[in-house]
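The structure under discussion appears below in the form of structure tokens.
Whatever order the structure lists them in is the order used to number ligands and atoms, beginning at 1.
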Amino acid sequence: MYAFTRYFHAMSKTNCMVLFIAILLLIAPGCGSGSSATDENIAGGESQPRWSLALHGGAGHFDSEDLSAAQEAQYRASLSTALEIGIEVLESGGAAVDAVEQVIRILEDDSLFNAGRGAVYTADGGHELDASIMDGDTRNCGAVTGIQGIRHPISAARAVMDRSEHVFFSGHGAGLFAREQGLESAPPEWFDTAKAHKRYQKALAKWEDKKMGTVGCVALDLQGRLCAGTSTGGMTFKQHGRIGDSPVVGAGTWADNRTCAVSATGWGEYFIRTAVAHDIHGAMLHGSLSLEAAARHAIHEEMGALGGTGGVICVGNDGTIVFEMNTPGMFRAAANEAGRKSVLLFADEGQ
Ligand code: ASP
């Protein structure tokens, strides 16, 4: 080092400058904006995932005693099928918005869940579907509420985001727009599933079955883009025109590359009253809370404190995956580039 310093002093100013530029050129590739694989994979000595994915199939008051072993196996299998679709998209370099849409389309076709095909019945005995999607890269979003006869409401929401100058369509207009965009229609029989019908009959008799089963997905892609989406049939026996949180951007869905992507499920009225998904983002952006602390606060201190129930799935812009709920169960699954893969049903199953 001493010899190097003496040599340095002995050099002319021009030579010094040339040496300085050469050193800069040599080290520049390693100190760019963090886009090289090495930089992104090493954070505090731990490997950090470059893509991350989480999904849910609804939160509710169920525990291991409410599900038979066969039912439990069915839920786990369905969640993991949807998870694999998302992994495939993200692993091959696909966009977070595509991963979210593809995952939710699979769940919408699965009658186990309260979205698309398995949507619950309204008080009038019909099906009015809600969905929303938000691209955290552009903060563009699209939503539909009370849409009828469309097989994949999440794709209708995406079409609103990508192909209209508006962000939210309702009822008849939402259906017209979706059909104009060439989205697949489905006849009323498609939505007449035994499970949803049983819930309806129970609700008719007792007016108290508020079973949930909404689906949602959040993703971070290899380009660092976040996306969140949510789709639901709403709450069993909902009154005509009732809108929950799922299609309300800021309540049931939010994504912003600066912070996180969030999809919620639960008692929609409470999620709207406390703008849960945006609250988590805001606490991170303006209050510097971690994703975990922000989600915990939103679910327990805000939404839960008013008497609401439900949960959220979140992915941070560093790939962190967080599940938070105040119900005994939430159907959920997650995967990331670092090799995590989990399918969980009950709250006490851990992250
Ligand atoms: N949040 C949905 C709604 O209130 C229901 C659910 O998540 O199960 O419409």
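- Put simply, the residue from V343, I106, L83, L112 that forms a side-chain contact (heavy atoms from CB on, under 4.5 Å) with S78 is L112.
- With respect to the salt-bridge test (charged N to carboxylate O, under 4.0 angstrom), the residues R158 and D135 do not qualify.
- In plain terms, the two heavy atoms of L226 and G316 that are nearest each other are CD2-O, 3.9 Å.
- Of the N or O atoms in W267, none lie within a sub-3.5 Å distance of an N or O in ligand 1.
- V215 and I150 are not part of a single hydrophobic cluster, where members link through side-chain heavy atoms under 4.5 Å apart.
- Using a cut-off of 4.0 Å between Lys/Arg side-chain N and Asp/Glu carboxylate O, E269 and R273 are scored as not salt-bridged.
- For ligand 1, the atoms closer than 4.0 angstrom to any heavy atom of T214 are 2 (C), 5 (C), 6 (C), 7 (O), 8 (O).
- For G58, the closest heavy-atom approach to ligand 1 does not fall below 4.0 Å.
- Contact atoms of ligand 1 toward S246: 1 (N), 2 (C) (distance under 4.0 Å to a heavy atom of the residue).
- Here is the list of ligand 1 atoms found below 4.0 Å of a heavy atom in G213: 8 (O).
- Residue pairs meeting the side chain to side chain donor-acceptor pair (under 3.5 Å) criterion with at least one member in residues 83-92, sequence neighbours excluded, are E84-K341.
- Under the rule for a ring-ring contact (aromatic ring centres under 6.0 Å, His included), H297 has no partner lying at least two apart in sequence or in another chain.
- Contact atoms of ligand 1 toward D245: 1 (N), 2 (C), 3 (C), 4 (O) (distance under 4.0 Å to a heavy atom of the residue).
- Considering both main-chain and side-chain atoms, A264 never comes within under 3.5 Å of ligand 1 through any nitrogen or oxygen pair.
- Y121 and H127 have their aromatic ring centers within a separation under 6.0 angstrom.
- For ligand 1, the atoms closer than 4.0 angstrom to any heavy atom of R242 are 3 (C), 4 (O), 9 (O).
- The shortest N or O to N or O distance between D130 and ligand 1 is not below 3.5 Å.
- Checked by atom type, the side-chain pair E128/T122 shows no donor-acceptor distance below 3.5 Å.
- Close approach of ligand 1 to G234 (heavy-atom distance below 4.0 Å) involves ligand atoms 9 (O).
- For ligand 1, the atoms lying closer than 4.0 Å to a non-hydrogen atom of G266 are 1 (N), 2 (C), 3 (C), 4 (O), 5 (C), 6 (C), 7 (O).
- Within ligand 1, the atoms closer than 4.0 Å to a non-hydrogen atom of T265 are 6 (C), 7 (O), 8 (O), numbered from 1 in the order shown.
- If you look at M330 next to ligand 1, there are no close heavy atoms at all, none under 4.0 Å.
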